[in-house]
Amino acid sequence: MSQHILTAVAWPYANGPRHIGHVSGFGVPSDVFSRYQRMAGNKVLMVSGTDEHGTPIQVQADKEGLTARQLADRYNRVIAEDLTGLGLSYDLFTRTTTGNHYAVAQEIFLGLYKNGYIFPKTTMGAISPSTGRTLPDRYIEGTCPICGYDGARGDQCDNCGNQLDPIDLINPKSRINGESPAFVETEHFMLDLPAFSEALGTWLQSKQGEWRPNVLKFSLNLLGDLQPRAISRDLDWGVPIPLDGWRDRGDKRLYVWFDAVIGYLSASIEWAKRSGDPDAWRQWWQNPDARGYYFMGKDNIVFHSEIWPAMLLGYNGEGARGGAVGSLGKLSLPSEVVSSEFLTMEGRKFSSSRQIVIYVRDFLARYSADALRYYIAVAGPENQDTDFTWSEFVNRNNGELVAAWGNLVNRSISMAAKNFGAIPEAGDLTDADRAMLELSRNAFPKVGAELGRSRFKNAVTEAFDVVREANKYLAEQEPWKIKDDPERQKSILHVALQVVDDAKTMLTPFLPTSSNKIFQMLGGEGVWTGMPEIREVNEDGGPDYPVITGAYDEGAARWEHRPIQAGVPLAPPTPLFAKLDPKIVDEELARLGD
RNA sequence: GGGGCGGUAGCUCAGCCGGUCAGAGCAUCGGACUCAUAAUCCGUGGGUCGUGGGUUCAAGUCCCACCCGCCCUACCA
């Protein structure tokens, strides 16, 4: 019954703090999913970390006079704090610059190499003459050979829209330092993706009807046109290539995406080591009954539905060339790739450089994590691009979180506390009482089913139906009017509090902080649902680094109706959610750049 | 250029295999109520479902073309 569920969450790139667009795609959905699965009794392993290699981090570090490692250290911590502040329940949120990650990435490379799925090839590529580093196409600009536009990038001309090869640009210049790029022959390792097209096709076909159709169609379509893909770069920042003659070279590293996707596995292994059972990760990666769910924004689909599965197939010896299973043993492919669309900001794309952005930490400094989590769950880019507006945020917060849900909790507990000082006993139940209780209990399987298939909007809507029904029930029963019949009053309030408790349970994946408070208000002892914490760790006495982890299994939260106990003392409640002054809309809009 | 997704009430969005699918929440307007953070409850108006064709007894729902937005297009991550 209990299943092992791997929640693999996209790795944020450590070149800046995260904004709410980032966390709406991978962060909140993956956490809602994981919290639900834990409550449903499954064994969840939720892993991620910061992705810290690659050219952009090196470039930014150079600009700031730091080493790449120093820059990565800074943003690794900032991002860990952002995600912890949101209450994202990672079992381990680590980073790609650990010795463990290097070792696992190299092991996967070697497994693929031994099976013949990685081969060397000499290609022409642009490098920066002064540093010898790969100059990615997008870092080169010049005059478009087709339309004559001056600001064309190496990969594409923004003016005429044509795709370009940087070697064809007239007067190519590096966008990093203005120098002319050198086009040189350079040897790289290629991942033989065409060798997996058949195996990938079979695998993807088996997901028909299970995955969100946009992800599946997109992925199937790519199969016809798979090309070998370079998985190394001319760069000194990254995971060394684990082959004789290459290992010690300062100028060749694995391509950042190749090592980043391996992070799901290396983080699982690191988690197992830290848990005291170094083999514990195998339950999620090698048990055929385990399920792996990968959460990301739509721009990452190809890496999770094509490249990472191909790497796993190759490591398992399951591509067209066959081969042996690697020394870690056979590894499971994703069960589902859950992709979000994009969030826009007041009708425009998020842009850090143009200040069209709201960073998670700034948001959390002024508003609560639950308010943001609720907004993302109910109005986020689950199936299509959606727009974040401050006025919509205030409306949702004040009208739904505060007025409908917060007020239901407040009015119910307040009335019971004032009149009885405790959870009252229920007497004889009327049809209306029973109907209310039944509606609430019946919502558990309905909301749970939606959560299990990552339909978060449907889930939160179903849960809120219970809230609305409860407000309606109170309006109809009018317990405040029947002071002369305390027994009837007790029954009504008992029912109301029971429904509050049920709704609190069903909203826990979305609103963990406030659900913990309600649990305590109703006399619960200990922790209801665990919250993440940052812990300083190291590897074999090396430098400390922060990880996110938590004791989520210690919480009492279960996905089930929990009878409340009559007689538990109740104190007058304090409001759960802050009502927002509509003036903040203009204040926040003034903070955005134009 | 090629591929994918989206374009549904003022706003944010649901609508799987074609036939109570023209919806929800908020906002508007009218009423009720006072336990509660002036919260809640009842009622109400509002959409030629991007445009133009087509298939069908029947189409937001299938097909074609076009327009707009977003993503990918393999050296951004």
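Side-chain atoms are counted along with the backbone in the values below, which use heavy atoms only and exclude waters and symmetry mates. All chains are named by letter (A, B, ...) in the order of the sequence lines, taking the proteins before the strands, and each is independently numbered beginning at 1.
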With C1' as the reference atom in both, quote the distance from B:C41 to B:U34 in angstrom, rounded to an integer. 11 Å
Once you apply a heavy-atom cut-off of 4.0 Å, does A:Gln227 come out as touching a base, just sugar-phosphate, or nothing? base
A:Lys217 side chain N/O closer than 4.0 Å to the phosphate oxygens (OP1, OP2) of B:G3? no
Taking B:C72 as the reference, what is the distance to B:A65 when you measure between their C1' atoms (whole Å, please)? 24 Å
Which nucleotide sits closest to the side chain of A:His188: B:A36, B:C75, B:C76? B:C75
Could you pull out all residues at least two apart from A:Asp433 that satisfy salt bridge (charged side-chain N to carboxylate O under 4.0 Å, His left out)? A:Arg488
Nearest to the A:Lys349 side chain among B:U37, B:A77, B:C71, which nucleotide is it? B:C71
Under 4.0 angstrom, heavy atoms only, what part of the nucleic acid is A:Asn15 near: base, sugar-phosphate, or nothing? nothing
Reckon A:Pro575 touches a base, only the sugar-phosphate, or nothing at all at heavy-atom distances under 4.0 Å? base
Atom-to-atom span, CG of A:Leu135 to P of B:A77 - whole angstrom: 12 Å
Nearest-angstrom distance from the residue atom CG of A:Leu220 to P of B:U73: 18 Å
Has A:Arg455 got a side-chain N or O lying under 4.0 Å from the OP1 or OP2 atom of B:G15? yes
Kindly label the base of B:G30 as syn or anti, based on whether its glycosidic torsion lies within 90° of 0. anti
Check every strand shown and say whether A:Asp225 touches a base, only sugar-phosphate, or nothing at a heavy-atom separation below 4.0 Å. base
Could you tell me how far B:G4 sits from B:C62 if I compare only their P atoms? Round to whole Å. 15 Å
Can you identify which nucleotide, out of B:G25, B:U12, B:G4, has its nearest atom closest to the A:Thr386 side chain? B:U12
Do the two ring centres, one from A:Tyr13 and one from A:Tyr75, sit under 6.0 Å apart? no
What does A:Glu382 touch in the nucleic acid at a heavy-atom separation under 4.0 angstrom: a base, only the sugar-phosphate, or nothing? nothing
For the pair A:Arg74 and A:Glu64, find out whether any cationic side-chain nitrogen is under 4.0 Å from an anionic carboxylate oxygen. yes
Between B:C63 and B:C26, how far apart are the C1' atoms? Round to whole Å, please. 37 Å
Using a heavy-atom cut-off of 4.0 Å across all strands, would you classify A:Arg396 as base, sugar-phosphate, or nothing? base
The side chain of A:Lys472 is closest to which nucleotide in this list: B:A77, B:C42, B:C70? B:C42
Just checking A:Ile413: base, sugar-phosphate only, or nothing, at a heavy-atom cut-off of under 4.0 Å? nothing
Can you tell which of B:A14, B:A36, B:C5 lies closest to the side chain of A:Asn383? B:A14
Taking atom P in both B:A27 and B:U73, what distance in whole Å separates the two? 42 Å
At 4.0 Å (heavy atoms only), tell me whether A:Thr134 reaches a base, stays on the sugar-phosphate, or touches nothing. base
What's the closest nucleotide to the A:Asn410 side chain, out of B:A36, B:C76, B:C70? B:A36
Report the distance from atom CG of A:Leu222 to atom C1' of B:C5, rounded to the nearest whole Å. 13 Å
Length of the line joining A:Phe456:CZ and B:G25:P, which is rounded to integer Å: 23 Å
Distance in angstrom units between A:Lys481 NZ and B:C35 P, rounded: 10 Å
What does A:Val256 touch in the nucleic acid at a heavy-atom separation under 4.0 angstrom: a base, only the sugar-phosphate, or nothing? sugar-phosphate
Spacing between A:Arg411 atom CZ and B:A36 atom P, to the nearest angstrom: 10 Å
A cation-pi test, strictly: NZ or CZ of A:Lys121 under 6.0 Å from the centre of the six-membered ring of A:Phe189 and no more than 45 degrees from its axis. Yes or no? no
Taken to the nearest whole Å, CZ/A:Arg233 to C1'/B:A74 is 9 Å
Distance below 4.0 Å between A:Tyr255 side-chain N/O and B:A77 OP1 or OP2: yes
Salt bridge check: are A:Lys252 and A:Glu187 linked by an N-O gap of less than 4.0 Å? no
Classify the nucleic acid contact of A:Asp299 as base, sugar-phosphate or nothing, counting any heavy atom under 4.0 Å across all strands shown. base
Nearest of B:A36, B:C11, B:C76 to any side-chain atom of A:Glu392? B:C11
A:Phe510 six-ring centre to A:Arg373 NZ/CZ under 6.0 Å and within 45° of normal: no
Take the angle between the ring planes of A:Trp257 and A:His304 and call it parallel below 30°, perpendicular above 60°, tilted in between. perpendicular
Whole-Å distance between B:C13 P and A:Phe388 CZ? 12 Å
Whole-Å C1' distance, B:C70 and B:C33: 47 Å
Ring center gap for A:Tyr374 and A:Phe464 short of 6.0 angstrom: yes
Sugar-phosphate only, base, or nothing, as touched by A:Phe577 at under 4.0 Å among non-hydrogen atoms: base
Nearest to the A:Ser414 side chain among B:C75, B:G3, B:C35, which nucleotide is it? B:C35
Could you give the distance separating B:G23 and B:U48 at their P atoms, to the nearest angstrom? 14 Å
Would you classify A:Asp234 as touching base, sugar-phosphate or nothing, given that sugar-phosphate means primed atoms plus P, OP1 and OP2, and contacts are heavy atoms under 4.0 Å? nothing
Using a strict cut-off of less than 4.0 Å between a Lys/Arg side-chain nitrogen and an Asp/Glu carboxylate oxygen, indicate whether A:Asp234 and A:Arg133 qualify as a salt bridge. no
Considering every strand and a 4.0 Å limit on heavy-atom distances, what is the contact class for A:Leu193: base, sugar-phosphate, or nothing? base
What's A:Asn419 touching, base or sugar-phosphate or nothing? Going by heavy atoms closer than 4.0 Å. nothing
If you check the A:Trp480 side chain, which of B:U12, B:C70, B:C33 turns out closest? B:C33
Would you please confirm or rule out a distance under 4.0 Å between OP1 or OP2 of B:G25 and any side-chain N or O of A:Lys457? no
C1' gap between B:G30 and B:G18, integer Å: 39 Å
